Amino acid sequence: MYYKLIINIFLICWLVIFQLSFIRVLPGWFMYLDIIIVILVYVISLAHLRTIWWWIIGTGALLDFLAFTPFGFHLLSISVMAAVVYYLKNSYFTNRSLYSFLALTISATLSYQLLFGLFNVINALIIKAPMSAFTNYFFWLAQGRIIVMNIIFSALLFYLITIFTKRYRPVFIN
Amino acid sequence: MTGLIKKYIVYTAVLIGLLVFLHAIGALRPAEQYLSRGLNPLLATIYSWGTNINVAFDEQTGKADLWQQINDLQAETNQLISKNAELKAVEEENAILREYLNFFNDHSYEHILSRVISRGDITNVIGRTESILIDKGSTDGLRIGLAVVDEQGIVVGKVAAVKEASSLVRLVNNQQCKLAAGILGSEATNGITEGELGLTIKMNFIFQEVEIKKDDIVITSGLEETIPRGLVIGKVSDVNKENNELWQSAHLIPLMNTNNLLIVSIIKP
């Protein structure tokens, strides 16, 4: 049990470090990739509830520790995103097909980015700092790019998982 | 199953509330500090891998030989501009100090070297970063408002937020990075610079009678107590002067390249 816990903590740390220090500095559209969201979608879709919970708390807390946004923004955004993805997975996208994962990825990306953007706008209003996220053309352009890159990565991850393991094949009810 | 999900929702809400409360009272500070200190070397190393890929990509797409020549010439020019600014500042101060006689002029700034560990959020601009994270914090003597320069002494930005083991630096192309600036050769504070759209720097509140023209070098004026005078900010690219306006403004070309910042220096006053 502790072995699994250590492995999960190690993976969470590497995921956050990789996103913050490597992905963000890549050239072109690669910098828009958010591997944390995509990996969390797969964890929420394929893992047990307890594992999902630890991943949400772990990634959110680590992001809040390292980032300079007010503490709790990442935790809350990721928690709500996870709730949205979990609900959609159980209610509408139940068959673990590629399209289900892509739809969940889009939902996760939009819910996380919009909620995080809303928190930043509220924070900017409180501290009276300039902020124009939702009225800024570049903000929406960046959201589009983030969704495109996340979809591509999600599709690649889907094929990798189905190649290496048969446990998570799509489930269709006849 | 529904009961289990409700239980986890309650656990999540309680845990988030507890973490936010503990953070607010400072109970998590030691943990945050040790976590940052432990992860910073790894963050810096991985950041350098990504930066090398970025630089390599730029060089390939920009025709390697010409790019190298441009880089070399740019570095040499920046060095000369920085030296010139230093010499001008020295010359001006020397003239004043000669009148008082008993003074030793030392222009060596106390500084702290720091590695860049991450770039700021890119959701507000297209591919241009407006902030970076560095691996030095309050325990290393940093505080808000200090100037950050690159290896050639060109101003990169200003420290905007400080934790125990890391800091947020807003770059000069950030709208929230404001610097009191003067034109090289003038002793006064001629205006305030701020970033524009993450691409360029705009200098505002320049009096109409101030003579400013293209290719003038803009430096920090020393008006801010945390930033010494004479640090190069940028070069004037165009001037906007309307006779019926109270102020004139100018656009500056930043002389630093944000894409390959690996190590920066924080100037302590």
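Just so we're clear, the structure is a prediction, and the values are computed from it rather than from any experiment. Residue numbering restarts at 1 for every chain, and letters A, B, ... go by the order of the sequence lines.
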Which answer fits [X], side chain, backbone, both or neither, if we ask what part of it has an atom under 4.5 Å from a heavy atom of chain A?
X        : value
B:Leu133 : side chain
B:Leu39  : side chain
B:Leu19  : both

Quiz item: Which of the residues A:Leu75, A:Asp64, A:Leu62 is involved in the greatest number of heavy-atom pairs with chain B at under 4.5 angstrom?
Solution: A:Leu75
N/O donor-acceptor pair under 3.5 Å between [X] side chain and [Y] backbone:
X        : Y       : result
B:Asn54  : A:Leu26 : no
B:Lys163 : A:Phe68 : no
A:Ser21  : B:Leu43 : yes

Quiz item: Counting only heavy atoms not in A:Trp14, do more than 12 fall under 6.0 Å of its CH2?
Solution: no
Option in [options] with maximal non-hydrogen atom pairs under 4.5 Å from chain A:
options                              : result
B:Val20, B:Ile46, B:Val116, B:Ile9   : B:Ile46
B:Ala161, B:Ala165, B:Ala44          : B:Ala161
B:Ser36, B:Ala160, B:Ser166, B:Gly17 : B:Ser166

Find the distance between [atom1] ([X]) and [atom2] ([Y]) and round it off to the nearest 0.5 Å.
X       : Y        : atom1 : atom2 : value
A:Leu66 : B:Asn40  : CG    : CG    : 8.0 Å
A:Ile57 : B:Tyr11  : CD1   : OH    : 12.5 Å
A:Phe22 : B:Ser118 : CZ    : OG    : 13.0 Å
B:Tyr8  : A:Arg50  : OH    : CZ    : 5.0 Å

Practice problem: Classify the angle between the aromatic ring planes of B:His23 and A:Phe71 as parallel (below 30°), tilted (30 to 60°) or perpendicular (above 60°). | Solution: parallel
Quiz prompt | Residues of residues 102-112 of chain A near chain B, each having a heavy atom less than 4.5 Å away | solution = none
Quiz prompt | Any B:Ile53 side-chain heavy atom under 4.5 Å of A:Phe30 side chain | solution = no
Quiz prompt | Audit row: B:Ile5, A:Tyr87, side chain to side chain contact (heavy atoms under 4.5 Å, CB included) steps and yes/no | solution = CA-CA 10 Å; B:Ile5 293 167; A:Tyr87 169 74; over 6 Å; no
Quiz item: If every non-hydrogen atom of A:Met31 is compared with every non-hydrogen atom of B:Arg119, which pair is closest and at what distance?
Solution: CE-NH2, 4.1 Å
Quiz item: What part of A:Ala82 lies closer than 4.5 angstrom to a heavy atom of chain B: side chain, backbone, both or neither?
Solution: neither
